[in-house]
Amino acid sequence: MKRKKTFLIIVLFMILLLIAFIFLSGRQKKADNLLLPIDKLAEKWKGNQDLPSSGENKEIDIPGFKTLVFYTNQASQKVNFYNPKENDCLFKLTLYADDKELWQSGYIQPDDGYYDIEISDPLEIGEYAGKLLYECYKDDGIQLNSAVVNFKLIVKGQ
């Protein structure tokens, strides 16, 4: 009987050690526990480096924001959508609320923009997943890159 009790205590102790080992090994650095393979060739980012260029690889500035506020039940809305003067491309903007298109611009030259827009479907009070799609074009119509700015669209009463 005493031998059974000792054996049971040893087994319980081993189980506790195993549980402790599993728990503590799971608390290692987060990078050690990633399920996706990390590229070993990547290095710490220290900012942009000078690249050889033919002059055609100029970066495009995309304005971003975290929130946009609209008023309920009206098509006319105030915004600050623009193409920064530093760009040398045209913008075409498309505004979405919960993936529904509300408005689309024409082609906007650098240093031009919109303060007032007319949306296609006035919104009810609430919060929406806002998205502004920036499509970039050369003057000759060749499409460059595009970007999406995600933000919170808040619709409130007047």
Side-chain angles (χ1 to χ4, degrees), residues 19-158:
I19 290 172
F21 175 76
I22 291 170
F23 176 75
L24 292 175
S25 67
R27 300 185 88 190
Q28 291 176 358
K29 282 178 61 178
K30 191 175 185 179
D32 294 342
N33 293 329
L34 293 176
L35 297 176
L36 300 175
I38 300 299
D39 188 347
K40 301 286 188 211
L41 297 175
E43 58 186 270
K44 290 292 178 199
W45 187 251
K46 297 176 220 130
N48 288 339
Q49 63 178 329
D50 290 329
L51 298 173
S53 173
S54 64
E56 296 178 16
N57 291 334
K58 186 176 183 225
E59 291 184 5
I60 299 172
D61 290 337
I62 304 289
F65 47 92
K66 293 180 182 179
T67 59
L68 181 63
V69 177
F70 280 177
Y71 289 114
T72 188
N73 297 322
Q74 67 182 48
S76 182
Q77 301 291 342
K78 300 282 186 194
V79 295
N80 287 313
F81 297 160
Y82 66 101
N83 185 349
K85 66 182 175 183
E86 295 79 19
N87 289 337
D88 55 2
C89 65
L90 303 174
F91 275 178
K92 185 173 189 179
L93 307 178
T94 308
L95 175 66
Y96 298 90
D98 290 342
D99 291 324
K100 179 181 179 188
E101 184 178 318
L102 295 179
W103 172 82
Q104 188 173 67
S105 74
Y107 297 99
I108 310 166
Q109 296 182 76
D111 208 23
D112 284 351
Y114 298 91
Y115 293 111
D116 298 292
I117 63 170
E118 295 287 324
I119 60 175
S120 60
D121 191 15
L123 301 168
E124 297 294 320
I125 291 176
E127 289 186 8
Y128 299 83
K131 181 169 57 175
L132 187 59
L133 171 64
Y134 288 85
E135 296 175 277
C136 308
Y137 295 88
K138 287 184 176 182
D139 290 338
D140 60 8
I142 294 174
Q143 185 168 6
L144 303 169
N145 62 349
S146 6
V148 174
V149 172
N150 293 300
F151 57 94
K152 185 187 306 184
L153 178 57
I154 301 169
V155 180
K156 62 182 190 176
Q158 294 183 23

Legend entry - Closest heavy-atom pair and its distance - P110, L90: CD-CD2, 4.5 Å

Inset, instruction - Check whether any side-chain heavy atom of S76 lies under 4.5 Å from a side-chain heavy atom of Y71, and answer yes or no. - result: no

Inset, instruction - Under the side chain to side chain contact (heavy atoms under 4.5 Å, CB included) rule, collect the residues that match up with K85, sequence neighbours excluded. - result: D111

Legend entry - Closest non-hydrogen atom pair between E127 and I154, with its separation: CG-CG1, 4.3 Å

Legend entry - N83 and D112, any side-chain heavy atoms less than 4.5 Å apart: no

Inset, instruction - Provide the closest heavy-atom pair for D116 versus K78 in the form atom of the first, atom of the second, distance. - result: OD1-NZ, 2.8 Å

Legend entry - Approximate separation, where rounding is to 0.5 Å, of T72 OG1 and I125 CD1: 5.0 Å

Legend entry - Ring centroid separation Y137 to Y107 under 6.0 Å: yes

Legend entry - Partner of I60 by side-chain contact (heavy atoms from CB on, under 4.5 Å), out of P84, C136, S146: C136

Inset, instruction - Pick out which of Y115, W103, Y114 makes a ring pair (Phe, Tyr, Trp, His ring centres under 6.0 Å) with F81. - result: W103

Inset, instruction - Specify the closest pair of heavy atoms between L153 and L123, including all atoms of both residues, with the distance to one decimal. - result: CD2-CD1, 3.7 Å

Legend entry - Within the 6.0 Å centroid threshold, strictly below: F65 and F151: yes

Legend entry - Pairwise side-chain contact, I117 with L95, heavy-atom cut-off 4.5 Å (strictly under): yes

Legend entry - Interatomic spacing from SG in C89 to CD in Q143 - rounded to 0.5 Å: 11.0 Å

Legend entry - Given T94, D99, D98, the one that forms side-chain contact (heavy atoms from CB on, under 4.5 Å) with K131: D99

Inset, instruction - Output, in order, the C-alpha distance, side-chain angles, deciding distance and verdict of side-chain contact (heavy atoms from CB on, under 4.5 Å) for V149 and Y134. - result: CA-CA 8 Å; V149 172; Y134 288 85; 3.5 Å; yes

Inset, instruction - Side-chain contact test, heavy atoms from C-beta onward, threshold under 4.5 Å: evaluate it for K66 versus K152 and give yes or no. - result: no

Inset, instruction - Evaluate the side-chain proximity of Y96 to L102: yes if any heavy-atom separation is below 4.5 Å, no if none is. - result: no

Inset, instruction - In sequence, state the C-alpha distance, the side-chain angles, and the governing distance for Q158 and Q74, and then conclude on side chain to side chain donor-acceptor pair (under 3.5 Å). - result: CA-CA 10 Å; Q158 294 183 23; Q74 67 182 48; 2.3 Å; yes

Inset, instruction - Using ring pair (Phe, Tyr, Trp, His ring centres under 6.0 Å) as the criterion, list what pairs up with F70, not counting sequence neighbours. - result: none

Inset, instruction - Could you tell me the separation between the CG atom of L132 and the CG atom of N150, rounded to the nearest 0.5 Å? - result: 10.0 Å

Inset, instruction - Report yes if some heavy atom in the side chain of L133 is under 4.5 Å from a heavy atom in the side chain of L93; otherwise report no. - result: no

Inset, instruction - Provide the closest heavy-atom pair for S105 versus F91 in the form atom of the first, atom of the second, distance. - result: OG-O, 4.4 Å

